[in-house]
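Contents: one structure, followed by commentary.
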Amino acid sequence: EGVTYKTLGNGRQPASLTPVSTELWIYGTDETMVIPCITNTKVLEIKEMLGLRLGIDPHSLHFVAKQGCAFRRQLDHEEIRRKVCVTGIDSFTRKKEKYKDPMIVIGAGHVGLRHGLYFLKHNMHNFIIFDRRNKVGGTSWIAQANRTSKLQTELGTYHLQYDEDNPVPKNMPTWPSRDELLQHFDEVSREYGLMPYIRLNTTVKQVECPPSGSLRIHIEKTNGKYEGVLPPMPTGKGIEELNGAAVFMYPGNLSHPRKEPYAGEDTFQGDVVYAMFDNYDYAGVAGK
């Protein structure tokens with residue numbers, strides 16, 4: 001109790017906390033990076049920062065600094081010099097990972113479509129969106145909402161192409177209805193070129209994750225009339241298999257809600273229904 005520790009510099013002198021900056025430059029290129037640090041910042045700290053930034057092993061990096069009339073490799077425990085040559089990388093920009101197999105997105109609802117638009121915006125075209133229904137929109141808006149359902153989040157943050165570079169739709173109200181949203185999803189998917197990447201009327205039956213190598217995706221065509229919330233019955237059309245690099249699953253929510261009985265339901269003279277699945281004719285209660 002009462003023991004305090006302080007960072008020591010070379011030897012046993014107190015470490016210098018003087019703000020400084022270090023210029024890193026990549027061997028064989030003109031690319032440089034200036035990093036603010038303190039005098040006592042260690043080589044390993046800068047390596048770990050670069051490793052996190054670039055997604056690489058920091059121990060694959062080597063730092064070389066001029067010392068006198070020669071150059072020497074800096075060790076991890078040493079204070080970083082003010083001008084350092086970096087080997088082991090060819091850029092300070094993270095390299096985009098490349099995959100031979102497509103990215104698999106399960107669900108063509110709001111989030112699945114947004115994910116597809118993100119892929120296209122970042123020039124990534126090796127992906128497939130699967131949905132068991134015959135149109136885009138997803139479980140929440142196609143199966144669970146009814147014709148009187150409206151968006152409870154303002155359109156300004158919920159519209160499908162919500163992005164700092166895309167315009168807010170001008171042809172929709174602030175709280176659009178189910179049908180207006182479904183039309184919006186379809187129009188945006190076509191306008192932004194997303195439809196060729198979507199395979200409708202297709203259910204993903206299984207995803208195999210082997211110890212190594214690609215994921216194995218098992219899919220089956222539906223009958224084209226699926227409207228439920230539970231897995232569709234087998235159609236006998238055969239299982240198709242394909243490889244996938246990764247799977248993103250957006251199945252929707254509240255697909256099978258719990259029903260709670262309320263006191264007096266047995267004596268109530270009106271209809272007792274849940275406001276989901278569009279299975280009630282609201283014309284019967286208009287004006288009541």
Name the one of Val84, Val34, Ile46 that satisfies side-chain contact (heavy atoms from CB on, under 4.5 Å) with Thr22? Val84

State yes or no: do Tyr162 and Phe185 share one hydrophobic cluster built from I, L, V, M, F, W and Y residues joined by side-chain heavy-atom distances below 4.5 Å, directly or via other members? no

Arg133 and Thr139: side chain donor to acceptor below 3.5 Å: yes

Arg199/Glu240 salt bridge by N-O under 4.0 Å criterion: yes

For Asp30, does the CG atom have more than 12 heavy-atom neighbours from other residues, nucleotides or ligands under 6.0 Å away? no

Do the side-chain N and O atoms of Lys221 and Thr203 include a donor-acceptor pair separated by under 3.5 angstrom? no

Measure the acute angle between the ring planes of Phe119 and Phe127, then classify it against the limits of 30° and 60° as parallel, tilted or perpendicular. tilted

Ring centres of His110 and Tyr250 under 6.0 Å apart? no

For a quick check under 3.5 Å, do Asn243 and Arg216 share a side-chain donor-acceptor pair by atom type? yes

Quick one: does Leu75's side chain get under 4.5 Å of Glu78's, heavy atoms only? yes

For Asp271 and Tyr280, test the side chains for any donor-to-acceptor distance below 3.5 angstrom and give the result as yes or no. yes

Is a salt bridge present between Lys95 and Asp90, judged by a nitrogen-to-oxygen distance below 4.0 Å? yes

Hey, is Lys121 close enough to Glu164 for a salt bridge, meaning N to O under 4.0 Å? yes

Between the side chains of His184 and Asp186, is a donor N or O closer than 3.5 angstrom to an acceptor N or O? no

